[in-house]
Amino acid sequence: MANTGDDRRPKYQRIADTLRESIRSGEYGPGDRLPGENDLMATHGVARMTARQALSVLRDEGVAEARKGAGVFVREFRPLRRRGIQRLAQQQWGNGRSIWSADVENRSLDVDQVAVSEEAAPDGVAAVLGLADGETVCVRRRRFVLDGKPVLLATSYLPAALVAGSAITQEDTGKGGTYARLAELGHRPVHFREEIRSRMPSKGEADQLGMAAGTPVIVICRTAFADEGRAVEVNEMKLDAASYVLEYDFDA
């Protein structure tokens with residue numbers, strides 16, 4: 001509930017609270033234009049800077065977005081449900097389906113900015129993959145774009161000697177993706193571990209994801225293990241937090 005009765009709160013914050021409450025009540029729906037600076041100045045008797053700050057609060061929270069020359073609008077939020085368990089099931093990638101198909105349903109997904117290279121392994125990655133000094137990794141970098149909006153950056157690291165000559169070293173890994181190809185190489189993933197945290201994005205990450213100011217990224221580091229507990233991939237992902245709901249559905 002907006003704390004509009006507290007006179008100690010800055011005026012811009014009280015105006016932002018009022019607008020936020022109007023959005024929550026449905027007075028302004030997704031895609032609706034919010035009152036502009038002139039409207040807020042007239043309604044609340046404040047200076048332009050105060051009105052501008054109020055709208056900036058909503059933009060920074062990811063509630064609203066500015067459209068050049070048109071105003072500030074309620075952000076249309078159709079979350080991408082990342083089904084963390086179902087997407088990694090062998091029946092998904094083992095049958096030639098992308099693990100993303102568990103999340104996107106009938107929405108439009110594109111993968112761009114794909115780059116594949118062989119590099120020295122970062123220290124942390126080398127330790128997880130059990131690599132000796134001097135061993136290199138195959139690095140796969142890509143960006144995922146949903147309905148025209150970038151939502152995720154992913155960088156996968158795999159032992160270069162393990163995947164040499166396979167489709168994993170190509171931009172297009174084929175049906176079922178990297179995990180299906182690992183299975184063909186005799187290193188089928190049988191266990192996954194994901195570590196999740198959040199932080200503010202770097203400028204480069206925010207630019208690549210087209211993120212609104214003030215929006216954090218969700219950072220997921222996934223390790224894939226083959227038989228006998230050998231780590232065969234480390235995948236570092238940065239997700240636009242305003243675009244995602246993380247869903248985990250499992251039996252007790």
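- Residues Leu131 and Ala121 come closest through the heavy atom pair CD1-CB, 4.0 Å.
- At a threshold of 4.5 Å between non-hydrogen side-chain atoms, the residues Val145 and Val111 do not count as touching.
- For the pair Asp39 (side chain) and Gly36 (backbone), a donor-acceptor distance under 3.5 Å is present.
- Around CG of Asp133, the count of heavy atoms belonging to other residues, nucleotides or ligands within 6.0 Å does not exceed 12.
- Between the side chains of Arg141 and Ser156, not a single donor N or O lies within less than 3.5 Å of an accepting N or O.
- Two residues are said to be in side-chain contact when any heavy atoms from C-beta on lie closer than 4.5 Å; Leu19 and Glu21 fail this criterion.
- Taking OG1 of Thr50 as the reference point, atom CG of Leu40 lies at 10.5 Å (rounded to 0.5 Å).
- By the 4.5 Å heavy-atom criterion applied to side chains, Tyr28 and Pro35 are counted as neighbours.
- Within 6.0 Å of the OH atom in Tyr248, the count of heavy atoms belonging to other residues, nucleotides or ligands exceeds 12.
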Quiz item: Are Val57 and Arg20 close enough, and set up right, to give a side-chain contact (heavy atoms from CB on, under 4.5 Å), and what steps lead you there?
Solution: CA-CA 10 Å; Val57 168; Arg20 192 186 303 105; 3.9 Å; yes
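- With sequence neighbours excluded, no residue forms a side chain to side chain contact (heavy atoms under 4.5 Å, CB included) with Thr43.
- Cluster annotation: Val232 and Phe192 are assigned to the same hydrophobic cluster (Ile/Leu/Val/Met/Phe/Trp/Tyr, side-chain heavy-atom contacts under 4.5 Å, transitive).
- To the nearest 0.5 Å, the span separating CD on Glu194 from SG on Cys221 amounts to 9.0 Å.
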Exercise. Determine, stepwise, if the pair Arg222 / Met237 fulfils side-chain contact (heavy atoms from CB on, under 4.5 Å).
Key: CA-CA 8 Å; Arg222 180 173 69 234; Met237 295 161 276; 3.6 Å; yes
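- Looking at heavy atoms from C-beta onward, Asp32 lies out of side-chain contact with Glu27 at the 4.5 angstrom threshold.
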Exercise. Please test Thr178 against Arg181 for side-chain hydrogen bond (donor to acceptor under 3.5 Å, both in side chains), starting from the C-alpha separation and ending with a verdict.
Key: CA-CA 5 Å; Thr178 295; Arg181 302 293 80 76; over 6 Å; no
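- Between Ala51 and Val46 the shortest heavy-atom distance is N-CG2, 4.2 Å.
- For the pair Tyr12 and Ala54, the tightest heavy-atom approach, listed with the atom from each and the gap, is O-CB, 3.4 Å.
- Side chain of Thr169 to backbone of Gly165: no donor-acceptor contact under 3.5 angstrom is found.
- The shortest side-chain heavy-atom distance between Lys238 and Ile218 does not fall under the 4.5 Å cut-off.
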Exercise. Take Asp227 and Val190, measure what side-chain contact (heavy atoms from CB on, under 4.5 Å) needs, and give me the verdict at the end.
Key: CA-CA 6 Å; Asp227 288 328; Val190 297; 3.5 Å; yes
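- Atoms CD and CG, from Gln53 and Leu58 in turn, are 12.5 Å apart once rounded to the nearest 0.5 Å.
- Of the inter-residue distances, the one linking Met211 atom CE with Glu205 atom CD reads 8.5 Å to the nearest 0.5 angstrom.
- Heavy-atom contacts from other residues, nucleotides or ligands closer than 6.0 Å to NZ of Lys11 number 12 or fewer.
- Taking every heavy atom of both residues into account, Val116 and Gln170 meet most closely at CG2-O, 3.8 Å.
- Between Gln208 and the choices Arg143, Lys203, Gln113, the side-chain hydrogen bond (donor to acceptor under 3.5 Å, both in side chains) rule is met once, by Gln113.
- Side-chain N or O atoms of Ser22 include one that pairs as donor or acceptor with a backbone N or O of Thr18 at under 3.5 Å.
- Counting all heavy atoms, side chain and backbone alike, Thr173 lies closest to Ile168 at CG2-CA, 3.9 Å.
- Connection of Leu185 to Tyr179 is established within a shared hydrophobic cluster, with ILVMFWY side chains joined at heavy-atom distances below 4.5 Å, either directly or through further cluster members.
- Two residues are said to be in side-chain contact when any heavy atoms from C-beta on lie closer than 4.5 Å; Leu209 and Val217 meet this criterion.
- Geometrically, Arg82 does not engage Tyr244 in a cation-pi contact, judged by NZ or CZ lying under 6.0 Å from the ring centre and within 45° of the ring axis.
- Val114 is connected to Leu146 through a chain of hydrophobic side-chain contacts under 4.5 Å among Ile, Leu, Val, Met, Phe, Trp and Tyr, so both are in one cluster.
- Within the 4.5 Å cutoff, no side-chain heavy atoms of Arg230 are placed close to those of Leu129.
- Atoms CG and SG, on Leu162 and Cys138 in that order, are 10.0 Å from each other to the nearest 0.5 Å.
- Under 3.5 Å, the side chains of Tyr157 and Glu119 contain no donor-acceptor pair of N or O atoms.
- For the pair Arg14 and Asp17, the salt-bridge criterion is not met [side-chain N within less than 4.0 Å of a carboxylate O].
- Residues Thr155 and Glu236 bring no donor and acceptor atom of their side chains to less than 3.5 Å of each other.
- One hydrophobic cluster, built from ILVMFWY side chains closer than 4.5 Å, holds both Leu34 and Val63.
- Judged purely by distance below 3.5 Å, without hydrogens or angles, the side chains of Asn235 and Arg140 never pair a donor atom with an acceptor atom.
- Ionic pairing of Glu65 and Arg67 is present here: one or more N-O contacts between side-chain nitrogen and carboxylate oxygen are shorter than 4.0 angstrom.
- Following chains of ILVMFWY side-chain contacts shorter than 4.5 Å, one cannot reach Met41 starting from Ile15, and the two form parts of different hydrophobic clusters.
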